[in-house]
Every structure is written in structure tokens, then in C-alpha cells.
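Data block below; observations after.
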Amino acid sequence: MNGCPLDEHALQQLATELEATPPRPHHSGLLDKAGRALSGQSFRFALTRGGWYRPGGIVRGNGERVTDNLEAWAEAELADCEGDMESLIERHRDDALFATRHSGRTHYFVAPYGLTPADFVQLEIEELHEVLDRKLFPDDDQPADLQELVDPLHPAKLEAHPVAPPHYRFRRLTDMRHAVVRLPAPVGQIHPMARFLAEWAASQNPGKDLFCDHWIIGLREHQDRYRNPVLSASPVSLDARALKPFHWNVQLQGPEASNQLQAFDRAAGYVGAWYFHLVAGGLSPRDLAATLVGDLDAGYQYLREQEIKLLTDWVRTPYSA
């Protein structure tokens with residue numbers, strides 16, 4: 001099965017349709033439209049990451065909207081005042097202007113289409129809710145420059161009343177098989193994300209434990225000093241909330257250490273979970289590796305051959321930053 005066959009025009013059309021879909025519990029309307037656009041592929045919810053915000057627009061005290069883009073408005077107004085912030089403040093002294101912010105959550109959806117770990121399409125959708133943030137020109141602390149006007153360090157916050165209904169915003173649709181081959185690595189080395197996927201493939205039963213059942217891939221794209229796009233990627237656990245309360249005792253050895261690993265794997269839902277959370281998830285303590293290596297040296301044989309290789313390879317060559 002093909003992963004993500006959409007061309008640029010079809011992708012833009014999909015983004016428009018998804019952004020026109022009102023947010024609903026379980027995202028049913030969004031999932032239906034995404035599945036139909038990608039030849040019936042079945043997307044499922046994977047994870048929500050929230051707690052972030054970005055600057056919004058400006059509204060008046062009566063709710064009238066001045067602009068959707070605070071930063072662009074501020075730059076244009078300041079330029080019209082010939083860069084004089086005091087003149088800008090004086091111009092709007094009698095206006096009751098309030099800045100808004102977009103409180104955001106990012107929803108991740110996945111659609112597997114093959115048996116190798118990277119054989120899945122990942123859809124990323126932001127859910128934004130515009131709320132009141134602060135008075136734009138507070139009486140007791142006027143902004144001194146453009147930065148303080150747009151994003152002050154110590155704003156006088158208002159109660160976050162909604163000023164618009166929540167809405168979706170398309171962020172990214174990625175065929176991970178294609179994305180992984182773009183990840184940069186020094187000559188003769190492998191990118192940590194590619195290594196993570198290869199180790200997953202070597203340790204799991206093909207077709208039984210799909211990578212995207214337990215992890216998504218966090219993607220970021222930036223420009224290097226030559227302004228070339230550079231893609232970065234890291235694994236993000238879907239099981240972190242359930243596994244976080246797990247209590248580790250790195251002093252256990254032999255059969256007790258084996259029971260502890262098995263308990264963690266059962267909680268995660270797949271074998272070898274202790275290793276993947278050791279190198280990426282942060283939920284297995286680093287001291288665990290020394291304990292397990294000590295048990296191997298002492299002749300204990302409770303680890304599978306695949307896990308022994310993962311552990312010894314990592315001890316010899318840890319993941320690069």
C-alpha cells in the first residue's frame with residue numbers, strides 16, 4: 001500500500017477541508033475527511049500535546065476585531081508613527097484595545113500501511129482557541145519598544161475569556177518512510193531516529209507490535225547557516241502517562257531484576273520497552289544499564305538475545321545527542 005500519494009494541490013485542498021471542520025470529541029469528522037482523501041486509509045488518534053500558545057490579534061472592549069495579527073499590526077502602526085513608540089501610544093490612548101492569544105494543542109493521528117516501523121502516515125493538527133490575553137496599553141506599564149508591545153516579559157494578564165470558537169489548523173502530513181531517509185547524519189553514521197527504528201525492527205515481532213502503536217515521531221524543520229532546510233526527528237512515547245508512575249529499583253539483581261523488566265514491558269504492552277525508554281523515553285533509569293550488564297557478567301540469562309545485543313551495542317556506542 002502506498003503511504004501518502006497526495007500532490008501539493010491535493011494536500012492544500014485537504015488542509016482547507018480539515019480547517020473548515022469544527023472540532024468535535026474524538027475528532028470524528030476530521031478523521032473521516034482525512035481517510036477519504038488518502039484513498040480510504042484509516043487514521044486513528046495517537047496523542048495530544050498541549051500547553052503552548054502563540055500571539056493572536058487585537059479586539060476592542062466591545063468585542064470588535066481590529067486585526068487577526070498583532071505583530072503585523074504593531075509593525076505597521078509603529079512604522080506609520082516613524083518608529084516613535086510614544087506617538088503610537090498617544091494615538092491609541094482613548095482606545096480600549098486588548099491583545100488575544102491562541103491557546104493551542106497539537107493532535108497526532110497515525111495510519112499504518114506496512115510492516116516496517118516507519119511505514120505509517122502521521123497527521124498533525126493544531127486545535128486553537130483564541131482567548132483574551134492582556135490589555136495592549138496598560139495604564140501603569142506602557143511598552144517601551146515593539147518587542148514589549150507584541151510579547152512583553154511581564155504582561156498584566158486578563159481572565160482568558162474566549163473571543164472565537166475553537167478551530168483546527170493543519171500543520172503537517174508526513175509519510176514517515178520518506179521522512180526518515182531525509183534525516184541528516186555524518187558520513188559513516190546513522191541518525192539516532194533511524195537507529196531507533198532499526199532497533200525496534202530487530203527486537204519486535206513483525207506485524208504484531210507496530211511502532212506507531214506506541215510511538216510517534218516528533219519532527220522539526222529549521223534552516224542551517226546556508227539557509228538549507230534541515231529536518232530533525234525524535235521518538236515520542238504514547239505510553240508515557242501510563243508508565244510514569246512505574247517504580248524502579250535499580251538495586252534488584254537476577255530473578256528480581258528480570259521480574260521488574262517484565263512488569264514494565266507488560267505495562268507498556270510490548271517486549272523490550274525497558275530498553276526503548278532507557279535510550280529515548282526517559283522513563284527507565286540510566287543506572288539500570290549497569291545493573292543489567294553486571295547480571296550478564298554474572299551469568300544470568302533472563303534477557304532475550306535481541307535485548308542483549310541492544311544493550312551491549314548501546315553501552316559500547318550510546319546514542320548521540
Side-chain angles (χ1 to χ4, degrees), residues 3-6 8 10-57 68 100-113 117-131 133 160 162-180 193 196-197 210-222 231-244 268-269 280-283:
C4 183
L6 299 183
E8 189 63 31
L11 186 61
Q12 185 58 49
Q13 185 176 24
L14 173 62
T16 301
E17 290 183 6
L18 296 183
E19 291 181 356
T21 305
R24 292 287 185 269
H26 311 298
H27 314 286
S28 56
L30 183 145
L31 291 172
D32 179 63
K33 290 181 179 179
R36 285 190 281 107
L38 272 80
S39 304
Q41 285 198 26
S42 180
F43 280 90
R44 61 174 181 262
F45 172 78
L47 181 69
T48 292
R49 305 174 82 182
W52 54 267
Y53 77 94
R54 63 171 62 109
D68 289 327
T100 69
R101 72 175 185 270
H102 293 289
S103 295
R105 300 186 295 167
T106 306
H107 304 299
Y108 296 82
F109 307 89
V110 295
Y113 62 86
D119 286 350
F120 68 99
V121 179
Q122 182 170 295
L123 172 63
E124 301 173 33
I125 298 290
E126 296 176 351
E127 183 177 342
L128 302 173
H129 197 182
E130 190 177 13
V131 298
D133 185 33
V163 298
H167 64 280
Y168 288 133
R169 177 166 294 172
F170 177 85
R171 176 190 273 186
R172 188 184 289 123
L173 181 69
T174 309
D175 186 333
M176 287 303 173
R177 180 197 290 177
H178 298 158
V180 169
M193 187 69 244
F196 194 85
L197 291 167
L210 296 177
F211 178 82
C212 63
D213 286 342
H214 300 282
W215 300 83
I216 58 168
I217 298 180
L219 296 173
R220 289 186 178 182
E221 195 158 13
H222 66 279
L231 185 67
S232 63
S234 59
V236 178
S237 172
L238 306 186
D239 309 310
R241 179 174 296 181
L243 295 175
K244 192 172 183 178
L283 296 178

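All values reported here derive from a predicted model rather than from experimental measurement. Below, all heavy atoms of this structure are taken into account, side chains as well, without hydrogens, waters or symmetry copies.
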Side chain proximity check, Leu11 to Phe170, heavy atoms < 4.5 angstrom: yes

Partners passing side-chain hydrogen bond (donor to acceptor under 3.5 Å, both in side chains) against Thr48 (at least two apart in sequence or in another chain): His107

Stepwise side-chain contact (heavy atoms from CB on, under 4.5 Å) test for Leu38 and Phe43: CA-CA 10 Å; Leu38 272 80; Phe43 280 90; 4.0 Å; yes

Non-hydrogen side-chain atoms of Tyr108 and Val236 separated by less than 4.5 Å: no

Atom CZ of Arg49 with >12 non-hydrogen neighbours under 6.0 angstrom: no

Test log, rule salt bridge (Lys or Arg N to Asp or Glu O under 4.0 Å), inputs Arg36 and Glu17: CA-CA 11 Å; Arg36 285 190 281 107; Glu17 290 183 6; 5.5 Å; no

Residue Arg169 excluded, over 12 heavy atoms near CZ under 6.0 Å: no

Mutual orientation of the aromatic rings belonging to His27 and Phe45 [parallel < 30°, tilted 30-60°, perpendicular > 60°]: parallel

Flag, side chain of Gln122 to backbone of Ile217, donor-acceptor distance under 3.5 Å: yes

Chi angles and distances behind the side-chain contact (heavy atoms from CB on, under 4.5 Å) call for Phe120, Leu210: CA-CA 9 Å; Phe120 68 99; Leu210 296 177; over 6 Å; no

Met176 side chain reached by Leu219 side chain, heavy atoms, under 4.5 Å: yes

Separation of Arg101 CZ from His129 NE2 (nearest 0.5 Å): 11.0 Å

Any side-chain heavy-atom pair of Tyr168 and Ile125 under 4.5 Å: yes

side-chain hydrogen bond (donor to acceptor under 3.5 Å, both in side chains) involving Arg172 - partner list, sequence neighbours excluded: Glu124

Member of Arg105, His167, Arg54 meeting the side chain to side chain donor-acceptor pair (under 3.5 Å) criterion with Glu126: Arg54

